[in-house]
Protein chains: 2
Amino acid sequence: MAEKFVSASDVARVAGVSRSAVSRTFTEGASVAPKTRARVMKAAEELGYRVNLLARTLHKERSDLVGLVGANLSNPYISAQVDALTAALYDNGLQCMLLNLARAQDDIENALAKLLEYRVRTVVLLSGAVPDTLMRLAAANGTRLVLINRPLPENIGLVDQIEADSAAGGALAARRLLAAGCSNVAVVLSESRTSAKLARAEAFIAVMEQHHVPITQWSQGRNTYETGIEAARGLLAKPGIDGIFGVTDEIALGVMNTARHELGLSVPNDVSVIGFDDAPISDWSSHQLTTIRQSLSSLTSATLKAITGPANAPCSHHFIPVSLVERRSVRSVEPPHSDAGGA
Amino acid sequence: MAEKFVSASDVARVAGVSRSAVSRTFTEGASVAPKTRARVMKAAEELGYRVNLLARTLHKERSDLVGLVGANLSNPYISAQVDALTAALYDNGLQCMLLNLARAQDDIENALAKLLEYRVRTVVLLSGAVPDTLMRLAAANGTRLVLINRPLPENIGLVDQIEADSAAGGALAARRLLAAGCSNVAVVLSESRTSAKLARAEAFIAVMEQHHVPITQWSQGRNTYETGIEAARGLLAKPGIDGIFGVTDEIALGVMNTARHELGLSVPNDVSVIGFDDAPISDWSSHQLTTIRQSLSSLTSATLKAITGPANAPCSHHFIPVSLVERRSVRSVEPPHSDAGGA
DNA sequence: TTGTATGCGTTATCAA
DNA sequence: TTGATAACGCATACAA
């Protein structure tokens with residue numbers, strides 16, 4: 001019921017030893033007599049003592065703290081990402097400081113500053129733009145930056161990049177719609193147009209243009225399910241479009257559900273829909289969304305490797321492979337290769 | 001590009017002032033000459049200096065750190081909870097340390113210990129059992145505990161309890177199924193049987209027994225979508241059961257989707273399904289799950305109030321009201337009150 | 001193996 | 001307003 005935190009001095013007093021003895025008892029690989037250790041442990045247990053990691057970190061060169069900055073945490077794929085990553089961190093004895101930029105997407109510099117104030121060893125960016133100033137700030141304090149799915153033109157300081165192969169994924173999506181016989185397609189993304197998602201869209205568009213397929217671009221709102229709904233309403237109000245690529249599963253799910261349940265369209269017979277991510281719920285029997293998978297476990301393990309590596313490890317750039325997951329939102333059979341023009 | 005973090009002494013040297021002057025510049029409400037402040041700020045900017053919150057907290061009595069321990073973070077309701085809560089914390093200048101007990105549900109004491117090592121001001125428990133030892137440990141260090149949806153028999157130390165009214169919710173679900181004319185029902189929960197979820201089930205059962213409706217209890221596996229799938233397969237293999245209550249939306253969604261898309265049953269015509277939480281995806285047009293809502297915003301604001309309150313505030317116990325959200329997974333029309341016996 | 005003394009970066013107290 | 005100095009809780013070099 002004490003008001004203050006218990007300190008090593010308190011324990012030392014109760015155990016009848018010096019502060020150093022207590023410190024050594026809780027320091028990995030320090031030499032302390034078994035008998036002393038036992039006395040200390042007993043007193044510590046009694047008082048509810050825990051080492052003050054703030055003080056310890058003050059003294060050491062490196063902390064156990066990893067900063068994680070994200071947004072849109074209830075997005076099905078992001079939440080799976082956060083789940084996997086935080087679990088992995090915990091298993092590796094690392095602590096995670098989570099900053100959610102929900103209402104302040106552009107507040108990222110402020111977020112990084114806060115994290116630096118806690119002397120995190122590494123900052124993982126799941127979301128938000130990455131201006132140069134950010135990298136400079138991190139570099140000036142010797143903090144590593146891990147960028148997830150936010151490709152960077154140039155690389156200042158200690159930054160590890162981990163990204164799914166957006167270009168390959170976008171192309172994969174395009175070719176799949178082509179194979180389904182789509183002849184009038186659309187791509188939908190948010191208006192924020194993050195570089196990774198932009199790359200997905202651009203690769204998709206490139207392939208389509210190469211095949212002379214007319215393509216509409218829908219780029220409004222935030223990166224959410226609601227954006228998918230709006231897109232479907234706008235895009236499918238009148239017949240014509242027979243294939244849609246959502247740069248995110250969440251968006252694609254919004255498109256597909258709205259087509260099916262609000263517009264009374266058949267997916268995939270009237271319109272094929274394909275997403276990107278392979279979020280867990282895309283596999284639910286209520287959805288069965290065909291999508292481009294970016295392996296979550298590869299992404300997590302690559303991230304963890306970057307975090308746990310030596311502080312002076314060279315910058316790394318890791319590409320996560322991408323693959324088509326065939327489900328039921330894209331027509332499977334290819335019409336006998338006529339160019340059956342959708343009006 | 002410096003290797004070490006920049007300290008106040010560094011800034012003082014460059015600015016040609018004392019450490020104290022630097023400290024005062026970054027301390028709320030300290031008196032420092034505008035001219036001095038300007039010099040300090042300039043030097044700080046130049047060097048990329050950030051206050052070391054570790055050191056500051058070491059010196060102060062209270063930190064900005066809030067510990068959040070959870071599990072199953074990709075659960076649609078939990079992730080919404082985490083999203084809302086972390087956003088609110090960030091907006092209030094509080095830092096959040098997130099511990100994910102994914103692989104080690106029973107590791108909660110260890111988690112709390114880690115959090116105490118960082119001298120968090122408050123620990124919020126979203127998941128996990130709450131043994132007495134836990135509360136004693138927190139109490140011994142003067143750390144507040146905020147318990148979300150984990151009712152407690154007795155209250156040791158500084159703990160705030162925030163919970164949805166499980167009993168009312170369970171009863172609401174039962175009465176809704178009764179109104180739909182269900183005459184042979186089941187309730188499905190995980191085998192972990194957390195007290196909050198158990199309370200939902202028990203209230204449901206109580207009402208059903210009161211109306212002499214036969215009731216099956218399915219209690220296996222973890223608290224996931226897959227458990228819902230298994231339950232549907234087990235419960236609906238042969239006809240009979242015409243109403244199912246999933247103690248969690250995620251479970252209910254598993255039940256409903258499996259009934260519809262794997263078992264070829266009509267929900268709600270063959271079987272009514274009702275959930276608990278009102279997760280965002282329950283409202284998706286692909287689901288339209290009737291459910292019991294526990295208001296996320298009430299829950300978040302109550303939690304925030306508990307966190308931001310004075311350190312010596314008395315323990316609070318807050319009940320979040322609960323309400324029925326009518327959608328399309330429960331039959332709407334009531335048969336003309338015969339006791340139409342399901343097999 | 002143990003205790004003493006020093007430093008980590010900060011804030012608060014005190015005298016100037 | 002400013003600078004020197006003493007904590008804060010810990011780890012460690014050093015001496016015993």
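Predicted model only: the values in this text are computed from it and were never measured. Each chain gets a letter, A, B and so on, in the order the sequences are listed, and its residues count up from 1.
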Notebook entry, point to check: Counting any heavy atom closer than 4.0 Å, what does A:Val32 reach on the DNA or RNA strands: base, sugar-phosphate only, or nothing?
Noted result: sugar-phosphate
Notebook entry, point to check: Do B:Tyr49 and B:Phe26 have ring centroids that are under 6.0 Å from one another?
Noted result: yes
Check: Which of these nucleotides, C:dA12, C:dT2, C:dG3, is closest to any side-chain atom of B:Lys60?
Finding: C:dA12
Margin query: So that I can tick it off, tell me whether A:Lys42 and A:Glu45 are bridged by a salt bridge, with the cut-off set at under 4.0 angstrom between side-chain N and carboxylate O.
Written below: no
Next item on the list: State whether B:Tyr118 places a side-chain N or O below 4.0 Å from either non-bridging phosphate oxygen (OP1 or OP2) of D:dG9.
Entry: no
Notebook entry, point to check: What integer distance in Å separates B:Asp64:CG from C:dT11:C1'?
Noted result: 15 Å
Margin query: Could you tell me how far apart B:Phe26 (CZ) and C:dT10 (P) are, to the nearest whole angstrom?
Written below: 9 Å
Check: Just to confirm, is there a sub-4.0 Å distance from OP1 or OP2 of D:dT2 to any side-chain nitrogen or oxygen of B:Ser20?
Finding: no
Notebook entry, point to check: Considering heavy-atom distances to DNA chain D, does B:Ala33 or B:Ala55 have its closest nucleotide positioned more toward the 5' end?
Noted result: B:Ala33
Next item on the list: Nearest whole angstrom, please: distance from the P of D:dC8 to the CG of A:Leu54.
Entry: 15 Å
Notebook entry, point to check: Can you check the B:Leu47 CG to C:dG9 C1' distance for me, whole Å?
Noted result: 15 Å
Check: Could you give the CG-to-P distance, from A:Leu116 to C:dT10, as a whole number of Å?
Finding: 13 Å
Next item on the list: Tell me which nucleotide among D:dC10, C:dT2, C:dG9 gets nearest to the side chain of B:Leu58.
Entry: C:dG9
Notebook entry, point to check: Between B:Glu28 (CD) and C:dA12 (C1'), how many Å, whole number?
Noted result: 16 Å
Next item on the list: Answer with yes or no whether A:His59 presents, from its side chain, a donor or acceptor under 3.5 Å of a partner atom in the base of C:dG7.
Entry: yes
Next item on the list: Grab the CZ-P distance between A:Phe5 and D:dC10 for me, whole Å please.
Entry: 11 Å
Item checked: Residues B:Tyr118, A:Asn52; criterion side chain to side chain donor-acceptor pair (under 3.5 Å); working and verdict -> CA-CA 6 Å; B:Tyr118 276 100; A:Asn52 185 335; over 6 Å; no
Margin query: Measure CZ/A:Arg56 against C1'/D:dT12 and give the value in whole Å, please.
Written below: 13 Å
Next item on the list: Using heavy atoms to find the nearest nucleotide of DNA chain D for B:Arg19 and B:Arg119 separately, return the residue whose nucleotide is more 5′.
Entry: B:Arg19
Notebook entry, point to check: Which residue, B:Glu163, B:Gln294, B:Gln161, B:Gln81, forms the side-chain hydrogen bond (donor to acceptor under 3.5 Å, both in side chains) with B:Asn149?
Noted result: B:Gln294
Check: Less than 3.5 Å between a donor and an acceptor, one on the side chain of A:Arg24 and one on the base of C:dG3, is that the case here?
Finding: yes
Margin query: Pairing donors with acceptors under 3.5 angstrom, does anything connect the side chains of A:Asn75 and A:Asn223?
Written below: no
Margin query: Counting only side-chain nitrogens and oxygens, does A:Ser23 get under 4.0 Å of the OP1 or OP2 atom of D:dA11?
Written below: yes
